[in-house]
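Below: the structure, in structure tokens.
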There are 2 protein chains.
Amino acid sequence: MEERQISKAVIKRLPRYYRYLGEMLNNGVERISSGELSTKMQVTASQIRQDLNNFGGFGQQGYGYNVKFLYDEIGKILGVDKKHPMIIIGGGNFGHALANYDFEKNGFITKAIFDVRPSLVGTDVRGIPVLMMDELEDFVAREHIEIAVLTLPKDRVAETADRLVRCGIKALWNFAHLDLKVPDDVVVENVHLVDSLMQLSYRISSYENEHKKEEV
Amino acid sequence: MEERQISKAVIKRLPRYYRYLGEMLNNGVERISSGELSTKMQVTASQIRQDLNNFGGFGQQGYGYNVKFLYDEIGKILGVDKKHPMIIIGGGNFGHALANYDFEKNGFITKAIFDVRPSLVGTDVRGIPVLMMDELEDFVAREHIEIAVLTLPKDRVAETADRLVRCGIKALWNFAHLDLKVPDDVVVENVHLVDSLMQLSYRISSYENEHKKEEV
DNA sequence: TAGATTGTTAATCGATTAACAATC
DNA sequence: TAGATTGTTAATCGATTAACAATC
């Protein structure tokens with residue numbers, strides 16, 4: 001049971017490795033050394049080897065890593081080799097945009113969009129039906145939904161999250177600007193756009209401050 | 001010039017402090033101690049005090065922190081006390097959704113949406129005009145645009161980023177799944193949704209693996 | 001075999017937490 | 001003044017980088 005806990009920092013880097021390897025694969029690259037990869041990705045070769053060795057020895061001394069093999073292995077680690085049935089809660093602009101996004105190729109399949117507005121009954125996005133919230137419980141159970149994407153108004157998020165948890169949902173991808181409280185066995189991943197924008201703005205100001213003195 | 005470099009980890013936490021303080025302010029809370037805040041936010045009081053002291057002594061021994069004062073100070077640090085003129089490049093679903101988002105209250109003012117599709121000429125989102133890409137250079141200069149939001153197809157992002165850099169843009173908020181190469185004086189903040197979703201999926205699998213053995 | 005490059009241990013660096021003197 | 005709580009230094013913990021023996 002006690003596989004040593006992988007640090008968050010490592011997990012965060014995996015999708016980026018996966019992306020770079022995918023591109024190499026497309027370009028017909030067969031093998032890569034940690035050294036070359038480190039140059040491409042602007043990280044240290046040491047870090048790449050350490051990160052990968054958390055999960056097993058994927059390389060070979062004197063050769064490096066086979067791109068296809070490593071790509072697939074990281075895919076398995078990330079779980080993108082499996083299908084993840086998903087629903088979007090909130091049929092507004094953002095929910096719409098996400099429904100149009102091509103997450104399928106990584107295994108994330110959007111099965112429905114849920115909303116409360118009766119005007120949306122019978123509509124669909126790319127064939128993904130918009131359903132009313134009173135169908136939620138049945139649908140989640142029937143379609144074995146794993147992930148719910150929360151793109152609804154802030155004041156309705158908390159109750160909706162609770163409701164989803166009661167349905168047995170495994171994971172919440174939360175776009176609302178608010179920290180959710182859920183049981184330990186439910187995974188929450190936040191996308192706080194405002195936070196991201198604020199970090200951007202901090203970095204603009206801090207860059208300006210650093211360079212103010214130089215232009216006398 | 002050499003104000004000691006603030007670590008990325010600290011910057012990442014600031015917007016969250018800002019949000020919690022904003023809520024307290026709305027609820028009429030006047031003062032808060034690092035201890036109380038630590039309970040609310042689920043971080044250590046030590047960390048809060050360390051984080052804040054990177055920027056100055058905002059508190060008072062025996063009293064704690066004045067909520068309004070601290071809120072304003074963090075706002076200044078993040079630069080949300082200033083106006084940041086912004087444009088969105090890409091009038092698709094995502095660009096649309098972002099144009100509808102209420103970033104104004106934090107100082108981020110969307111001035112225009114740019115696209116290449118002639119069918120969008122003359123349209124607008126909440127009064128924000130959709131303009132054609134050939135007007136880009138003039139508009140950025142005239143309106144002193146600081147931030148460009150990149151929500152366009154992957155294959156056109158790199159050239160567009162270059163073009164924006166040549167216009168003298170200060171910051172790119174990049175939603176494309178791709179690492180941008182820009183000069184040192186241009187700030188890039190990435191929102192890689194696919195990466196976020198993959199981390200979510202990793203955590204689902206890893207939770208399942210950890211608990212597999214228990215259900216014999 | 002010789003050269004290359006991994007896997008892994010050890011050293012360094014940085015971030016978080018604990019402790020406490022300063023002070024309101 | 002006594003109590004509370006900060007600001008700040010010191011201790012701990014974890015993550016990154018360097019080094020190198022193992023091995024393909």
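Every chain is numbered from 1 and lettered A, B, ... according to where its sequence line falls, protein lines coming before strand lines.
- When ring centroids are compared, B:Trp173 and B:Phe108 stay outside the 6.0 Å threshold.
- Using the Watson-Crick or G-U wobble rule with both distances under 3.5 Å, D:dT23 pairs with C:dA4.
- For A:Leu70 and C:dT5, the CG to P distance is 16 Å, given to the nearest whole Å.
- Enclosure of atom NZ in A:Lys154 by more than 12 non-hydrogen atoms of other residues, nucleotides or ligands within 6.0 angstrom is indicated.
- Each of A:Tyr63 and A:Lys8 was matched to the nucleotide of DNA chain D holding its nearest heavy atom; the match closer to the 5' end belongs to A:Lys8.
- Nearest to the side-chain atoms of B:Thr44 among the listed nucleotides D:dG7, D:dT17, C:dT17 stands C:dT17.
- The side chain of A:Tyr65 lies closest to C:dG7 when the candidates are D:dT6, C:dG7, D:dC24.
- Nearest-nucleotide positions on DNA chain D for A:Val10 and B:Gly64 put B:Gly64 closer to the 5' end.
- A close approach under 4.0 Å does occur between a side-chain nitrogen or oxygen of A:Arg49 and OP1 or OP2 of C:dT6.
- The interatomic distance linking B:Arg31 (CZ) with C:dC24 (P) rounds to 15 Å, in whole Å.
- One can place CG of A:Asn53 at 16 Å from P of D:dA15, the figure rounded to the nearest angstrom.
- Summarising the geometry, the separation between CG on B:Asn66 and C1' on C:dC24 is reported as 15 Å, rounded to the nearest angstrom.
- Taking atom CZ on A:Phe55 and atom C1' on C:dG7, their separation rounds to 15 Å, with Å as the unit.
- For an aromatic pair to be called close, the ring centres must be under 6.0 Å apart, and B:Phe94 with A:Phe94 satisfies this.
- In this structure, B:Phe114 has its ring center closer than 6.0 angstrom to the ring center of B:Phe139.
- Between B:Arg13 and C:dT16 there is a side-chain polar atom (N or O) within less than 4.0 angstrom of OP1 or OP2.
- Checking B:Gln50 against A:Gln61, the closest nucleotide of DNA chain C that is more toward the 5' end is the one next to A:Gln61.
- Rounded to a whole Å, the CD1 atom of B:Ile32 is 17 Å from the P atom of D:dA4.
- Nucleic acid contact class of B:Ser46 (heavy atoms, under 4.0 Å, all strands): base.
- A:Asp51 places its CG atom 12 Å from the P atom of C:dG7, with the value rounded to the nearest Å.
- Taking a pair to require two hydrogen-bonding distances under 3.5 Å in either a Watson-Crick or a G-U wobble arrangement, D:dA10 pairs with C:dT17.
- Listed nucleotides C:dT17, D:dT16, C:dT6 differ in distance to B:Gln47; the shortest reach to its side chain belongs to C:dT17.
- When the P atom of C:dG7 is taken as reference, atom CD1 of A:Ile48 falls 12 Å away, rounded to whole Å.
- The cationic group of B:Arg31 does not satisfy the cation-pi geometry with B:Tyr65, failing either the under 6.0 Å distance to the six-membered ring centre or the 45° limit from the ring axis.
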